[in-house]
Amino acid sequence: MAPRRERLASFVLLPAVIVAVGVLAYFTRRTTLQVEGLRAQSVLEATLGLASEKADRLDKRIVEQDNAIFAIADPMRLADLAQRWLPTAQRETPTVRAVLVLDEARTVLAFASRAGGAFAEEEAFRRLLVQRMCIDMDLGKQAPDELRHLHHEYRGQSYLVSYWQRTMAPPPGDDTEGEPPPRSYLVVAWHDVGRIVKDTMPTLFLEAATPSRVNVVDEDGRIIFGPPLRSREFTVGLRFPTTLYGWRVQVSPSASDELTARVRNRATLEQVMVVLSCAVIVLGVAMILFAAERERHASALKSEFVANVSHELKTPLALVRMFGEMLQSGRVTSEAKRQEYLDIIVGESERLSSLIENVLDFARVERGRQAYEFADGNVGEAVAKAVNVYRYRAQCEGVDLAADVDPDLPNARIDERAIQLAVINLIDNALKYGRGTDTVTVRTRQERGGIVVRVIDRGPGVPLEDRERIFDRFERGSTSRMPGSGPPVRGSGIGLALVKHIAESHGGSAWVESAAPGLRGASFAISIPVRGAGARQGES
């Protein structure tokens, strides 16, 4: 019941971890996008602040010139307007091209210009001011002395004018009685837009210390000043507040393309890292579950190993004790029976010794302490001794155990006891699992560049899917538990693992194949290099 609960917990745990990782990935990605959004927002806010600062600086520069004109353009002193303004115009009001004063009837009372003889252009501006601009100024809503600006395009040309309405009482004349009524005047400063673009904007916008690119565009997006800005993600556009309000100043960080690529690359990298982290977590959990399943399987195999070894020890001990007690009691009067019982005791004792040696050798192998004493020896003699040890048991089971050893085998560097143990395990395996076989042949030949020992039976054989697995520790063939094939075969599951270890320690290998094409049975084989070629001495 407990293993079943453990498997159920494993099946529940993995989907739960996958769901948890999915939730984590979702929130991580969401957080990453939010962080990137905040980072982009901070860049945009800084760029917006820079754009606002540049627009304000241009407005402030124009308004400062307007204030200078306001101080000079006194309606009560119109006659000397040009003399008061022009001497300081280049220094104080570099972008102002002309100053005009109009009365309530929109008649030009005074006109001072820096154009220097461009009378046709000045006259055209006067007519434009009276006929079109004054209508667009919405003077009815303007408070006295309030500074306003008109930025508009007329006949395909952009104009910027600053204007005030000033209410003043005229000086009393000799022929008037009482105090004269106040009169309203309109003061207009005509700014040279071309000069603003060519002279003022470069000084304000193209500062070396400003880590940005700046341009100015009109309502239709046409560039008035500055280079085109390629990046759109971090470009901020802002209208001029009061003066050139028909235009926009656009600011983009100098590294905007780099910032855009960096943000995208960082987002991609973080998403890849999230995916990799999730994959690592899922893979780690899967590996843990796989290791736990393997450990559970190994634990089950060890439990089965203990049970099988206990049974294997119990059977020969019971027989030895039973026949020993019968001999001790003196009830066996026949010498033939006495000799038979003694042979059984000796055979079971040898079987018991073989099993104990297997267990002890396997324990040493598991601890990495198995040592072999290599010396020049004859493999055929070691095989013959192992066959003689098991011959009596084979006869008792009705199996003809034959040794077919090539008499001309060369010597090899071997541990004779280990070779005998390997052959005994192969013969025991053939007697146990070769159900229905009447012959087991141990054939020793020189081939494959060494000596090959084969133990051949005529049993059911070994399925292809089991041929690699049965040489692992605690593993047994699927035919040992197949229903309908007789009672389950008892075994420890370490015999073939020891055979493989002994063969590899001698520099060879172990394998299983069909006995012969078209015939039943299996052929278990080990190879041993001759004259110690490839053999390993000492600790293996």
Side-chain angles (χ1 to χ4, degrees), residues 350-351 353-391 394 401-431 440-457 467-468 470-473 475 492-513 515 522-540:
E350 290 176 348
R351 179 182 172 190
S353 297
S354 177
L355 178 61
I356 292 174
E357 286 182 2
N358 270 355
V359 174
L360 293 178
D361 284 348
F362 181 76
R364 285 192 289 268
V365 169
E366 286 288 286
R367 293 195 300 268
R369 298 179 181 177
Q370 177 65 23
Y372 296 101
E373 297 178 359
F374 291 96
D376 285 343
N378 191 300
V379 177
E381 293 179 359
V383 170
K385 290 179 182 179
V387 171
N388 289 333
V389 169
Y390 248 76
R391 192 179 302 279
L401 179 59
D404 181 8
V405 179
D406 185 353
D408 298 326
L409 291 176
N411 286 344
R413 195 161 184 80
I414 60 172
D415 183 319
E416 185 173 343
R417 174 189 165 278
I419 296 298
Q420 291 182 31
L421 181 60
V423 176
I424 286 172
N425 274 297
L426 291 179
I427 296 173
D428 181 71
N429 187 76
L431 294 177
V440 173
T441 303
V442 182
R443 182 177 298 151
T444 308
R445 295 286 188 273
Q446 183 176 2
E447 56 182 91
R448 297 194 178 189
I451 299 172
V452 177
V453 181
R454 284 186 172 85
V455 178
I456 307 168
D457 62 63
R467 292 185 180 182
E468 292 290 337
I470 57 177
F471 285 97
D472 295 334
R473 59 179 186 168
E475 292 288 351
S492 61
I494 61 173
L496 292 180
L498 274 175
V499 170
K500 180 181 179 182
H501 187 270
I502 291 171
E504 291 178 348
S505 298
H506 283 73
S509 59
W511 68 94
V512 60
E513 58 193 9
S523 174
F524 284 84
I526 59 173
S527 64
I528 302 167
V530 297
R531 286 289 175 187
R536 293 170 287 183
Q537 299 188 32
E539 295 289 339
S540 67

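Small disclaimer: the values here were computed from a predicted structure and weren't measured.
- Residue Gly508 comes nearest to Pro529 through the heavy atom pair N-CD, 3.9 Å, listed as atom of the first residue, atom of the second, then distance.
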Set out, in order, the CA-CA distance, both residues' side-chain angles and the distance that settles side-chain contact (heavy atoms from CB on, under 4.5 Å) for Thr444 and Asp406, then state yes or no. CA-CA 6 Å; Thr444 308; Asp406 185 353; 5.9 Å; no
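- Contact check for Ile502 versus Ile526: no side-chain heavy atoms found under the 4.5 Å cut-off.
- Annotation: the span from Lys500 atom NZ to Ile470 atom CD1 amounts to 10.5 Å, rounded to 0.5 Å.
- The minimum heavy-atom distance linking Pro410 with Ile451 is given by the pair O-CD1, 3.5 Å.
- A distance of 6.0 Å separates OG of Ser505 from CZ of Phe374, quoted to the nearest 0.5 Å.
- Nearest heavy atom pair, residue Ile419 against residue Ala382, reads CG2-CB, 4.0 Å.
- Take Arg454 and apply the side-chain hydrogen bond (donor to acceptor under 3.5 Å, both in side chains) test, not counting sequence neighbours, and it matches Glu447, Glu513.
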What do the steps show when you test Leu496 against Leu426 for side-chain contact (heavy atoms from CB on, under 4.5 Å), and what is the final call? CA-CA 7 Å; Leu496 292 180; Leu426 291 179; 3.8 Å; yes
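- Annotation: side-chain hydrogen bond (donor to acceptor under 3.5 Å, both in side chains) contacts of Asn388 (sequence neighbours excluded): Arg391.
- By the 4.5 Å heavy-atom criterion applied to side chains, Leu421 and Val499 are not counted as neighbours.
- Proximity of Leu431 to Tyr390: side-chain heavy atoms (C-beta onward) are separated by under 4.5 Å at one or more points.
- Contact annotation: the side chain of Glu373 approaches that of Asp415 to within less than 4.5 Å [non-hydrogen atoms, C-beta and beyond].
- Closest approach of Val405 and Gly380 over heavy atoms only: CG1-CA, 3.5 Å.
- Side-chain atoms of Arg467 and Trp511, non-hydrogen and from C-beta on, never get closer than 4.5 Å to each other.
- Ala386 approaches Gln420 most closely through the heavy-atom pair CB-O, 3.8 Å.
- Of the possible donor and acceptor atoms, one in the side chain of Arg445 sits under 3.5 Å from a partner among the backbone N and O of Asp404.
- Residues forming a side chain to side chain contact (heavy atoms under 4.5 Å, CB included) with Ala522 (at least two apart in sequence, or on another chain): Asp457, Val462, Val512, Phe524.
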